Amino acid sequence: MSQLQSLRGMVDLLPDHTRRWQAVEAVARAHFRRSGLAEIRTPLLEVTELFARGIGEATDVVGKEMYTFADRGDRSCTLRPEGTASVVRSAIQHGLLSQGVQKLWYAGPMFRYERPQAGRQRQFHQIGVECLGVSTARSDVEVIALAWDLLRDLGLSGLELQINSLGTLEDRQRYRQQLVNWLEARVDQLDVDSQQRLITNPLRILDSKNPSTQALLIDAPTLLQALSQESAQRFESVQLLLNQLEIPFELNPRLVRGLDYYGHTAFEITSDQLGAQATVCGGGRYDGLVQQLGGPPTAAVGWALGMERLMLVLEAAAKANPDGAAARLTATPAPDLYLVNRGEQAETLALALARQLRSAGVSVELDGSGAALGKQFKRADRSGSAWAAVIGDEEAESGQFRLKPLLAEGEEHGLALNDLDAMVAVLKTTT
RNA sequence: GCGGGCGUCGCCAAGUGGUUAAGGCAGCGGCUUGUGGUGCCGCCAUUCGGGGGUUCAAAUCCCCUCGCUCGCCCCA
């Protein structure tokens with residue numbers, strides 16, 4: 001390819017898409033505002049050590065998926081592969097944690113060097129929530145409910161909430177040993193990948209997609225059985241609360257998340273519309289992370305949702321239900337008024353009028369072509385605008401013009417060019 | 001990183017070795033110098049992702065390369 005093009009896995013968002021993104025982001029922001037969350041914006045570039053220490057040296061994300069390079073000062077820098085580590089770093093650095101509970105949200109691009117596939121890109125976008133300084137089961141559920149309600153408001157269907165408890169570090173270590181013992185007696189029945197993981201990260205064998213491995217695991221000891229009394233009780237509370245809030249969920253004892261910092265509640269929201277990369281939103285509790293990054297002991301929960309995947313689900317929902325909320329969000333808006341104009345004096349007049357109307361809150365498409373009026377009207381029609389008006393030599397001469405309805409038969413409104421209030425009244429009441 | 005499929009105009013798409021590479025949508029111009037939606041007419045790929053090779057002859061066959069796509073790995 002000799003033509004310049006975007007890097008592999010780096011995707012342009014064209015106007016057709018940015019409209020939908022903005023609509024979705026607006027819904028998300030409204031939810032965050034009502035839930036008392038504040039936005040935080042952190043740099044895209046961080047020192048590599050942040051992610052190595054935060055996410056876990058042994059994870060795939062850190063081990064083989066990071067965009068890491070040395071800057072001119074020979075510091076090792078990394079394009080953030082996820083948001084949580086940065087948010088925590090920022091909260092520690094600026095002393096936010098000594099100012100009480102921090103309820104934060106963020107949105108922006110993340111970078112992971114992976115082979116692109118459906119719902120997976122090298123630069124992708126997440127909207128995330130981090131709630132720092134609270135440890136109750138209730139806060140887990142509040143955070144999960146926020147994600148659930150947000151997705152529901154977008155008119156999405158076919159979503160499933162899966163939850164699990166990863167317990168405490170001690171719980172996991174104890175269980176890890178049980179699982180390894182059990183699996184080692186059956187190594188020959190494991191697939192090659194899982195045999196490898198038996199050494200590197202045994203818990204990850206649990207969510208292997210290999211059917212025979214899954215069949216084998218049916219009789220394996222589960223993480224839930226290995227939970228301490230307190231951990232088990234805590235998880236009971238989470239489930240009880242979800243039931244009380246009537247948020248449907250699926251208990252998935254195999255749900256293990258790939259980032260080291262999770263403990264206790266872990267959850268994912270998956271869609272049946274996405275193929276292999278089914279997770280739209282994932283998160284959980286990460287009580288140890290703040291301390292691990294040099295901050296005070298601080299409990300925390302959060303989640304991140306993938307915008308690209310969300311948009312795929314939204315588009316599917318819009319297609320399946322043309323009258324639903326999802327379809328409304330994906331619709332392209334038409335201008336309130338399409339202004340046809342021609343003639344030197346008239347074009348200036350039209351420009352001025354468009355400006356006045358826009359200031360008054362009316363959306364105006366001003367035809368800038370200077371083409372024949374018939375031509376301009378064709379474009380007016382295609383714009384989907386409910387109204388059109390012509391400003392030409394006659395109108396410039398008389399100071400009068402007419403608003404013409406385009407979508408349905410109706411009467412034209414003759415108005416004075418300087419009667420802005422009357423124009424706004426017509427345009428706003430009927431659109 | 002590994003395995004499968006694919007790559008013809010902005011989008012969809014016919015063509016699978018032989019004169020000028022269909023068609024549709026969109027776009028632009030006209031029929032119609034001041035009034036749209038329908039209709040009709042015209043324009044819109046010297047070139048088939050890129051490079052090399054085979055052949056008298058390639059979009060069509062071969063090799064390399066880039067990209068997309070599906071799955072694995074992993075995750076949003």
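Computed from a predicted model, the values in this text were never measured in an experiment. Any value given below was found using the heavy atoms of this structure, including those in side chains, with hydrogens, waters and symmetry copies removed. Residue numbering restarts at 1 for every chain, and letters A, B, ... go by the order of the sequence lines.
Taking the nucleotide of RNA chain B with the nearest heavy atom to each of A:Ser385 and A:Phe124, the more 5' of the two is matched to A:Ser385.
Side chains of A:Glu130 and A:Thr84: a donor on one and an acceptor on the other come within 3.5 Å. Checked by atom type, the side-chain pair A:Thr213/A:Asp191 shows a donor-acceptor distance below 3.5 Å.
Taking the P atom of each, B:U60 and B:G24 are spaced 26 Å apart, rounded to whole Å. The gap from the P atom of B:U35 to that of B:A26 amounts to 24 Å, rounded to the nearest Å. One C1' atom belongs to B:G39, the other to B:G5, and the distance between them is 43 Å to the nearest Å. Only the P atoms considered, B:G50 is 13 Å distant from B:G7, to the nearest whole Å. Nucleotides B:C48 and B:U38 have their C1' atoms positioned 36 Å apart, rounded to a whole Å. B:A58 sits 14 Å from B:U8 when the C1' atoms are compared, rounded to a whole Å. For the C1' atoms, the distance from B:C12 to B:G36 is 27 Å, rounded to whole Å. Atom name P, nucleotides B:C74 and B:A59: the rounded distance is 45 Å, in whole Å.
Taking atom NZ of residue A:Lys64 and atom P of nucleotide B:C72, one finds them 14 Å apart after rounding to whole Å. When rounded to the nearest whole Å, the span between CD of A:Gln121 and P of B:U69 equals 8 Å. If you take CG of A:Asp16 and P of B:A26, they are 16 Å apart, rounded to a whole angstrom. The distance between atom CG of A:Leu7 and atom P of B:C68, rounded to the nearest whole Å, is 10 Å. Counting to the nearest Å, the C1' atom of B:C74 and the CG atom of A:Asp207 are 9 Å from each other. Whole-Å rounding puts the A:Met110 CE to B:C75 P distance at 16 Å. The nearest whole Å value for the distance from the OH atom in A:Tyr338 to the C1' atom in B:G37 is 14 Å. Rounding to whole angstrom units, CD of residue A:Glu347 and C1' of B:G34 are separated by 13 Å.
Residue-level contact check: A:Gln123 touches neither bases nor backbone, having no heavy atom under 4.0 Å from any strand. Among the heavy atoms of the strands lying under 4.0 Å from A:Arg197 are primed sugar atoms or P, OP1, OP2 only; no base atom is included. Contacts of A:Ala380 with the nucleic acid, taken as non-hydrogen atoms under 4.0 Å apart, are absent. Within 4.0 Å (heavy atoms only), A:Glu412 reaches no atom of the nucleic acid at all. Among the atoms of the strands shown, only primed sugar atoms or phosphate atoms (P, OP1, OP2) are found under 4.0 Å from some heavy atom of A:Glu65. Residue-level contact check: A:Gly119 touches the bases, meaning some heavy atom is under 4.0 Å from a base atom. Across all strands, A:Val280 comes closer than 4.0 Å only to sugar-phosphate atoms, never to a base (heavy-atom distances). Among the protein residues, A:Arg342 comes within range of the sugar-phosphate backbone only, with heavy atoms under 4.0 Å from sugar or phosphate atoms but none that close to a base. Within the 4.0 angstrom heavy-atom criterion, only backbone atoms of the sugar-phosphate kind lie near A:Gly9; the bases stay farther away. Among the protein residues, A:Gly282 comes within range of the sugar-phosphate backbone only, with heavy atoms under 4.0 Å from sugar or phosphate atoms but none that close to a base. Using a 4.0 Å heavy-atom distance criterion, A:Ile127 is classed as making no nucleic acid contact.
Between atom OG1 of residue A:Thr298 and atom CD of residue A:Gln291 there is a gap of 8.0 Å, rounded to the nearest 0.5 Å.
Taking 4.0 Å as the cut-off between side-chain N and carboxylate O, A:Arg152 and A:Asp149 count as a salt-bridged pair. Using a 4.0 Å cut-off between charged side-chain N and carboxylate O, A:Arg29 and A:Glu39 make no salt bridge. The existence of a salt bridge linking A:Glu315 and A:Arg20 is confirmed by a sub-4.0 Å separation between a basic side-chain nitrogen and an acidic carboxylate oxygen.
Using a 4.5 Å heavy-atom cutoff, the side chains of A:Arg80 and A:Gln126 are not in contact. Counting only heavy atoms from C-beta outward, the side chains of A:Val362 and A:Gln356 never approach each other to under 4.5 Å. By the 4.5 Å heavy-atom criterion applied to side chains, A:Lys103 and A:Ser35 are not counted as neighbours.
In this structure, B:C31 and B:G39 make a Watson-Crick or G-U wobble pair, each of the two defining distances being under 3.5 angstrom. A 3.5 Å limit on both hydrogen-bonding distances identifies B:C56 as the Watson-Crick or G-U partner of B:G18. Across all strands shown, B:C72 pairs with B:G1; the Watson-Crick or G-U wobble distances both stay below 3.5 Å.
The backbone N or O of A:Asp336 sits less than 3.5 Å from a side-chain atom of A:Ser363, completing a donor-acceptor pair.
Between B:C73, B:G34, B:G30, one nucleotide has an atom nearer to the side chain of A:Asp393 than all others, and that is B:G34. Looking at the side chain of A:Arg379, the nearest of the listed nucleotides B:C75, B:G29, B:U35 is B:G29. Closest contact between the side chain of A:Arg8 and the listed nucleotides B:C75, B:C68, B:U35 involves B:C68. For A:Asp60, counting side-chain heavy atoms from C-beta on, the closest listed nucleotide (B:C68, B:G34, B:C74) is B:C74. Side-chain proximity of A:Lys378 to the nucleotides B:U33, B:G39, B:C75 is greatest for B:G39.
Judged by distance alone, with hydrogens and angles left aside, A:Gln5 brings no side-chain donor or acceptor close enough to the base of B:G50 to form a pair under 3.5 Å.
The side chain of A:Gln117 contributes an N or O atom lying less than 4.0 Å from OP1 or OP2 of B:G71. At B:G36, none of the side-chain N or O atoms of A:Lys375 fall inside 4.0 Å of OP1 or OP2 (strictly under the cut-off).
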For nucleotides 1-8 of chain B, read 5' to 3', which letter fits each nucleotide if B means a protein heavy atom sits under 4.0 Å from the base, S means only the sugar-phosphate is that close, and - means neither?
-> BBB-----
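When the shell of 6.0 Å around CZ of A:Arg355 is examined, it contains 12 or fewer heavy atoms from other residues, nucleotides or ligands.
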